[in-house]
Amino acid sequence: MIRPALLLIACLAAAPARADCPDAPGWHPLDYLLPGDAWLDGYWLTVNLSGHGVRYDGGHEEYREDGSYRFTAGAQSWTAPAYRFYDNGARCIDYPEGPRVDFYILGQGRLVLITERGDRFTGLITD
């Protein structure tokens with residue numbers, strides 16, 4: 001009979017390694033930009049989003065001061081131990097399942113998140 005502790009260790013050892021946020025985003029939103037869109041940079045994202053949240057229709061994300069991240073939609077929420085902002089306006093959420101990279105831009109003077117699929121979500125920065 002296998003002892004429970006040995007079984008747990010075997011399962012953990014067989015789990016795939018978790019990838020951290022990459023050194024640079026693996027994609028760029030050039031095909032999804034609209035006339036008048038303006039780039040944001042890592043400094044702008046850090047100053048305006050770290051320690052704050054962004055509210056979207058249907059959800060709210062929090063860039064916590066301790067470096068962790070949380071997204072809430074209805075009764076569901078997802079957390080990540082870390083997030084990262086890049087100089088080109090990208091942000092990476094270091095989810096346990098694997099990193100997710102999206103881009104922030106200003107569209108018509110509003111904060112817009114562009115996903116890798118090209119979806120655009122207008123957000124409002126909150127405290």
Side-chain angles (χ1 to χ4, degrees):
M1 180 172 161
I2 297 177
R3 294 184 180 179
L6 292 176
L7 182 58
L8 176 62
I9 291 171
C11 290
L12 291 176
R18 187 180 71 77
D20 293 330
C21 287
D23 290 335
W27 71 280
H28 209 276
L30 292 175
D31 292 338
Y32 307 125
L33 296 178
L34 301 176
D37 283 351
W39 292 106
L40 296 173
D41 61 21
Y43 177 78
W44 191 98
L45 295 174
T46 300
V47 168
N48 290 285
L49 297 184
S50 294
H52 299 282
V54 180
R55 182 163 308 283
Y56 303 95
D57 287 341
H60 182 260
E61 60 182 354
E62 301 169 46
Y63 295 96
R64 297 176 173 170
E65 289 181 2
D66 68 359
S68 66
Y69 172 87
R70 179 182 179 126
F71 181 79
T72 305
Q76 294 183 312
S77 68
W78 297 264
T79 59
Y83 60 88
R84 179 177 180 177
F85 296 129
Y86 297 88
D87 289 338
N88 63 358
R91 67 95 198 253
C92 178
I93 305 302
D94 196 11
Y95 284 117
E97 308 79 45
R100 175 189 172 118
V101 176
D102 302 297
F103 279 80
Y104 278 111
I105 54 107
L106 285 180
Q108 299 179 356
R110 295 182 174 159
L111 183 66
V112 176
L113 181 77
I114 301 176
T115 69
E116 192 169 0
R117 294 187 333 194
D119 298 320
R120 295 170 67 100
F121 299 95
T122 302
L124 178 64
I125 298 173
T126 64
D127 287 334

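Just so we're clear, the structure is a prediction, and the values are computed from it rather than from any experiment.
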*Asks:* Can you name the ring pair (Phe, Tyr, Trp, His ring centres under 6.0 Å) partners of Y104, sequence neighbours left out?
*Replies:*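 Y104: no ring pair (Phe, Tyr, Trp, His ring centres under 6.0 Å) contacts found.
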*Asks:* So that I know where these two stand, are Y69 and F71 an aromatic pair - ring centroids less than 6.0 Å apart?
*Replies:*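 Y69 vs F71: aromatic centres not under 6.0 Å.
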*Asks:* Using 0.5 Å steps for rounding, measure from the OG1 atom of T122 to the CZ atom of R55.
*Replies:*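 Spacing of OG1 (T122) from CZ (R55) equals 14.5 Å.
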*Asks:* Give every residue pair that meets the disulfide (SG to SG under 2.5 Å) criterion with at least one member in residues 28-98, sequence neighbours excluded.
*Replies:*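 Pairs touching residues 28-98 that pass the test: C21-C92.
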*Asks:* Scan residues 25-70 for pairs that pass disulfide (SG to SG under 2.5 Å), counting only residues two or more places apart or in two chains.
*Replies:*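 Output for this query is empty, none listed.
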*Asks:* Identify, with sequence neighbours excluded, every residue that meets side-chain contact (heavy atoms from CB on, under 4.5 Å) alongside R117.
*Replies:*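 Counting only residues at least two positions away or on another chain, R117 forms a side-chain contact (heavy atoms from CB on, under 4.5 Å) with T115, D119.
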*Asks:* If you take all heavy atoms of V54 and G123, which pair is closest and at what distance?
*Replies:*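 Result for this residue pair: CG1-CA, 3.7 Å.
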*Asks:* Quick one: ring pair (Phe, Tyr, Trp, His ring centres under 6.0 Å) partners of H60, sequence neighbours excluded?
*Replies:*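 H60 satisfies ring pair (Phe, Tyr, Trp, His ring centres under 6.0 Å) with no residue once adjacent residues are dropped.
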*Asks:* Considering only residues two or more places apart or on different chains, which pairs with a residue in residues 95-127 satisfy disulfide (SG to SG under 2.5 Å)?
*Replies:*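 Sorted pair list comes back empty.
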*Asks:* For G89 and L45, which heavy atoms make the closest approach, and how far apart are they?
*Replies:*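 Minimum heavy-atom contact is O-CD1, 3.6 Å.
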*Asks:* Could you pull out all donor-acceptor pairs under 3.5 Å where a side-chain atom in residues 35-43 meets a protein atom, sequence neighbours excluded?
*Replies:*
residue : atom : partner : partner atom : Å
D37     : OD1  : R120    : NH2          : 3.2
D37     : OD2  : L34     : N            : 2.7
D37     : OD2  : R120    : NH1          : 3.0
D37     : OD2  : R120    : NH2          : 3.3
D41     : OD1  : Y43     : N            : 3.3
D41     : OD1  : W44     : N            : 2.8

*Asks:* For a quick test of reading the model, state the closest non-hydrogen atom pair linking D23 to R84 and the distance between them.
*Replies:*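 Looking at all heavy atoms of both residues, the shortest contact is O-NH2, 3.6 Å.
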*Asks:* For N88, check side-chain contact (heavy atoms from CB on, under 4.5 Å) against everything at least two apart and list the hits.
*Replies:*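 Partners of N88 by the side-chain contact (heavy atoms from CB on, under 4.5 Å) criterion, ordered by chain and then number, come out as P25, H28, Y86, A90, F103.
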*Asks:* Which pair of heavy atoms, one from L111 and one from L49, lies closest together, and at what distance?
*Replies:*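 Nearest heavy atoms, L111 then L49: CD2-CD2, 4.3 Å.
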*Asks:* Are W27 and I105 connected in a single hydrophobic cluster, I mean Ile/Leu/Val/Met/Phe/Trp/Tyr linked by side-chain heavy atoms less than 4.5 Å apart?
*Replies:*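 Yes; tracing contacts between hydrophobic side chains, which count when under 4.5 Å, links both residues.
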*Asks:* Sort and list the pairs that fulfil disulfide (SG to SG under 2.5 Å) and have at least one residue in residues 28-62, not counting sequence neighbours.
*Replies:*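 Residue pairs passing disulfide (SG to SG under 2.5 Å), neighbours aside: none found.
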*Asks:* I need the full list of salt bridge (Lys or Arg N to Asp or Glu O under 4.0 Å) pairs touching residues 64-73, with sequence neighbours left out, sorted by first then second residue.
*Replies:*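 Residue pairs passing salt bridge (Lys or Arg N to Asp or Glu O under 4.0 Å), neighbours aside: E62-R64.
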*Asks:* Quick one: side-chain contact (heavy atoms from CB on, under 4.5 Å) partners of D127, sequence neighbours excluded?
*Replies:*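 H52.
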*Asks:* Give a yes or no on whether L33 and L106 share a hydrophobic cluster (residues Ile, Leu, Val, Met, Phe, Trp, Tyr; joining criterion: side-chain heavy atoms under 4.5 Å apart).
*Replies:*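 No: no chain of side-chain contacts under 4.5 Å links L33 to L106.
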*Asks:* Is it possible for you to say whether Y95 and Y56 belong to one hydrophobic cluster, with membership spreading through side-chain heavy-atom contacts below 4.5 Å?
*Replies:*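 Cluster IDs for Y95 and Y56 match.
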*Asks:* Return the set of residues passing side-chain contact (heavy atoms from CB on, under 4.5 Å) with A24 (not counting sequence neighbours), or none when no residue passes.
*Replies:*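 A24 satisfies side-chain contact (heavy atoms from CB on, under 4.5 Å) with no other residue.
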*Asks:* Ignoring hydrogens, what is the shortest heavy-atom contact between F85 and S50? Give both atom names and the distance.
*Replies:*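 Closest approach of F85 to S50: CE1-OG, 3.6 Å.
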*Asks:* State, with a plain yes or no, whether a side-chain heavy atom of I93 is found less than 4.5 Å away from one of W78.
*Replies:*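 Counting from C-beta outward, I93 and W78 never come under 4.5 Å.
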